Amino acid sequence: MTPKHGPDERAAEAGLDRLEGYLLCWTEAERARSEAAVFADGMPWLTTAQREEVITRYTDDRVVLTRRYLERVRDRSGELREEYEMRYRQLRHRLVCVSVAVTLSACVLFGCVAAGLPATGR
């Protein structure tokens, strides 16, 4: 049994989703910045301003790439959801048809037996 969600619960869930997204983005940006600093440390000839520029550009590029990747994953997830929902509807339709056919066959068979008629139609 699934719980019914009212407007307040949906708003709370949406808020939590946004918060989770913000925290994930912030964490990814911090991770990118840390990796950028390690990358810049491999170039000891950079001035402080150049090092900061490298870190900023690396971080920005990494965040853009991560966003693109996540958008592709989101889009593909939506496509897969649609495919699976369509397959589920088809399977459910087939199951209903088979169930109806089996039920009708059983009714005919039991009706023939109850009436004393041969089930083979002879």
Side-chain angles (χ1 to χ4, degrees):
M1 185 170 188
T2 58
K4 297 193 180 213
H5 296 297
D8 292 337
E9 289 86 4
R10 282 191 290 264
E13 287 177 13
L16 288 173
D17 288 345
R18 282 193 302 275
L19 177 61
E20 181 183 20
Y22 170 79
L23 292 173
L24 288 171
C25 288
W26 183 83
T27 301
E28 181 60 27
E30 285 301 307
R31 184 179 300 139
R33 187 160 179 76
S34 295
E35 291 176 10
V38 170
F39 178 76
D41 289 343
M43 296 179 268
W45 61 86
L46 295 174
T47 65
T48 302
Q50 291 171 330
R51 181 179 185 280
E52 285 303 313
E53 179 69 19
V54 167
I55 291 172
T56 300
R57 286 181 181 236
Y58 183 104
T59 302
D60 292 346
D61 286 349
R62 171 76 176 276
V63 169
V64 167
L65 289 174
T66 300
R67 178 179 294 274
R68 287 181 190 159
Y69 172 74
L70 291 174
E71 287 170 351
R72 284 194 308 267
V73 168
R74 180 202 60 205
D75 294 343
R76 183 63 181 142
S77 296
E79 291 169 2
L80 288 173
R81 176 178 292 138
E82 289 174 11
E83 284 181 39
Y84 290 143
E85 286 175 352
M86 181 184 68
R87 287 182 184 175
Y88 174 74
R89 282 190 302 272
Q90 290 172 342
L91 289 171
R92 188 176 58 201
H93 178 73
R94 287 180 191 162
L95 179 63
V96 167
C97 289
V98 168
S99 298
V100 168
V102 167
T103 302
L104 289 176
S105 298
C107 288
V108 168
L109 178 65
F110 291 128
C112 288
V113 170
L117 300 173
T120 59
R122 295 185 191 176

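Just so it is clear, the structure is predicted and the values come from calculations on it, not from any experiment. Worth knowing before you read on, the calculation uses all heavy atoms, side chains too, and leaves out hydrogens, waters and symmetry mates.
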Ion pair R76/E79, N-O distance below 4.0 Å: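 Yes, this pair counts.
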
Look at E28 together with R31 and state whether they make a salt bridge at an N to O cut-off of under 4.0 Å.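 A salt bridge links E28 with R31.
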
Working to the nearest 0.5 Å, report the span between [atom1] of [X] and [atom2] of [Y].
X	Y	atom1	atom2	result
F110	S105	CZ	OG	11.0 Å
L95	Y88	CG	OH	9.0 Å
D61	T66	CG	OG1	10.5 Å
L109	L104	CG	CG	12.5 Å
C25	E20	SG	CD	10.5 Å
E13	L16	CD	CG	8.0 Å

R89 side chain reached by R92 side chain, heavy atoms, under 4.5 Å: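 Counting from C-beta outward, R92 and R89 do come under 4.5 Å.
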
Any non-hydrogen side-chain atom of H93 less than 4.5 Å from a side-chain atom of Q90? no

Closest approach of V54 and A40, non-hydrogen atoms and distance?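 Smallest interatomic distance, heavy atoms only, reads CG1-CB, 4.2 Å.
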
Shortest non-hydrogen contact between T59 and A36, atoms and distance: OG1-CB, 3.8 Å

Would [X] and [Y] show up in the same hydrophobic cluster when neighbours are defined by side-chain heavy atoms closer than 4.5 Å?
X	Y	value
W45	Y58	yes
V113	V108	no
L91	V96	no

May I have all residue pairs that pass salt bridge (Lys or Arg N to Asp or Glu O under 4.0 Å) and include part of residues 32-43, sequence neighbours excluded? R33-E52, E35-R62, D41-R51

Counting only heavy atoms not in R74, do more than 12 sit closer than 6.0 Å to its CZ atom? yes

